[in-house]
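Structure first, then comments.
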Protein chains: 2
Amino acid sequence: MADIAIKRKNRDTSGKRKIILEHAVQVFIKNGFASASMDEIAETSGVSKRTIYNHFQSKANLFQAIVADFIADRDRKRPIEYSKDISLEEQLRDFAAAELFLIDDPVRRGLSRLITSIFLMDLEFGEHIHGQYSPYQSLIQWLEAAKKHGQLDFLSSQLAARVFYGLVEGCITWSAMLSDGASLQGVDQILDELIEVFLSRYRKVR
Amino acid sequence: MADIAIKRKNRDTSGKRKIILEHAVQVFIKNGFASASMDEIAETSGVSKRTIYNHFQSKANLFQAIVADFIADRDRKRPIEYSKDISLEEQLRDFAAAELFLIDDPVRRGLSRLITSIFLMDLEFGEHIHGQYSPYQSLIQWLEAAKKHGQLDFLSSQLAARVFYGLVEGCITWSAMLSDGASLQGVDQILDELIEVFLSRYRKVR
DNA sequence: GACTAATTACACTACACGGTGTAGTGTAAT
DNA sequence: ATTACACTACACCGTGTAGTGTAATTAGTC
């Protein structure tokens, strides 16, 4: 494959672009979208402001690119399917892992906070981000499979899914965002407890 | 008492002040703090900008006044104490009611969203608001009382409280904020289910 | 070394917005 | 009639900042 050399004339500018994105994230996280200035982003990146505008049409555009990367990163995980051979606990832990991924790294956590704060004030934007989030649908499928297999019992898989995600998000995600990760201390035990709570209610008694 | 007439000279300006506060809330909710302009607030209020600055030192000051009112409103509810004569379900519903109060009215819900979005990006501000929130401590007391009375069983009241609030906030509060209240459909049944989930795990079996 | 795309430095525009100063008005108390 | 005062309308200032135009410079490719 000669894809790399398909156009020799143009230099590879992806390095600068990447540098800009990485530093812009920091500035946006630190100041929020509105208060982050393009001058500061340029300075932090060690790049002229003009170069930023050569790579990105506008501030909003730059931010979009960051969000797009974040979403792509988040969605890299494949949906999880029900398995008879793995304990319910372990499989539920897998679902929670997708949520933990959003907050266990300081940069991702910062971005989660920023993006969440934006779509608290702009619900349309929120739809756009949250709408394409698959794990939730995936969990519903999983719950129904587990019910069919006689391991779980509930009336509404919708409601059960809401309970599970509510538990994880309420007890872990939100408190981690609001405490900047401090509440992630001992998160494994907390998660075990949440799963225990969930199964206390929905595990089928034989 | 002639307190009202203690100084006849000053006219009562609380009317204008109230009007400004009420309309400023709308503008802040619509645009966020940074993007809300004092000119728009003046126009919306039907009041000259100068008058706003006669009542409030600055934009930040005006916003503080709004937040203070919100907090005062929120904290009007007295803490709940354990009672042997009321079912656990009913008492837990009472705790949840304090949370529901923050999101059942469109204006309060808007303010909740705004304030939350601000302290996602400014954790110090968050401390200030969240730090003085009593229901959480109050629930821990309640849980321990119920345990002593032999109705509940758990190792850590901290963790149990976290689970309960996590359930309520994760399943109800956050989803109501992000859906602008749409998810409040059938919230009573959902709450019943959450309490059932909680008690499935922590109710003492005799 | 020549060519040229990428980058820089920097001056500049356009504009929004927080906040102030002021001249003047309506009104209720004296 | 006078006074005190809340209020309005409006011009104005300073500043921060998104975004542009341009000439000069750097550096990768041939």
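Numbers restart at 1 for each chain; the letters A, B, ... are given by sequence-line order, proteins then strands.
- The side chain of A:Lys16 contributes an N or O atom lying less than 4.0 Å from OP1 or OP2 of C:dT8.
- Residues A:Gln141 and A:Tyr82 fail the side-chain proximity criterion, which asks for heavy atoms closer than 4.5 Å.
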**OP:** Would you check, one step at a time, whether the test side chain to side chain donor-acceptor pair (under 3.5 Å) holds for A:Ser200 with B:Ser200?
**Re:** CA-CA 6 Å; A:Ser200 294; B:Ser200 293; over 6 Å; no
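- Within 4.0 Å (heavy atoms only), B:Gly46 reaches sugar-phosphate atoms of the nucleic acid but no base atom.
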**OP:** Would you give a per-nucleotide map of nucleotides 10-21 of chain C, 5' to 3', where B means the base has a protein non-hydrogen atom under 4.0 Å away, S means only the sugar-phosphate does, and - means neither?
**Re:** -------SBBBB
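- Within the 4.0 Å cut-off from OP1 or OP2 of C:dT7, not a single side-chain nitrogen or oxygen of A:Ser48 is found.
- Rounded to the nearest 0.5 Å, atoms NZ (A:Lys49) and CD (A:Glu40) are 12.5 Å apart.
- Residue A:His55 has no polar side-chain atom (N or O) positioned under 4.0 Å from OP1 or OP2 of C:dA6.
- With contacts defined as side-chain heavy-atom distances shorter than 4.5 Å, the pair B:Glu99/B:Tyr165 qualifies.
- Straight-line distance from the CZ atom of A:Phe28 to the P atom of D:dT17: 13 Å, rounded to whole Å.
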**OP:** Test side chain to side chain donor-acceptor pair (under 3.5 Å) on B:Ser117 and A:Ser117 and set out the steps.
**Re:** CA-CA 4 Å; B:Ser117 85; A:Ser117 86; 5.5 Å; no
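- With sequence neighbours left out, B:Gln137 forms a side-chain hydrogen bond (donor to acceptor under 3.5 Å, both in side chains) with no residue at all.
- Consecutive Watson-Crick or G-U pairing (both distances under 3.5 Å) extending over three or more pairs maps onto DNA chain C as C:1-30 with D:1-30.
- Heavy atoms only, all atoms of each residue included: B:Asp105 and B:Arg108 are closest at OD2-N, 3.0 Å.
- Open room surrounds CD on A:Gln57; 12 or fewer heavy atoms of other groups in view lie less than 6.0 Å from it.
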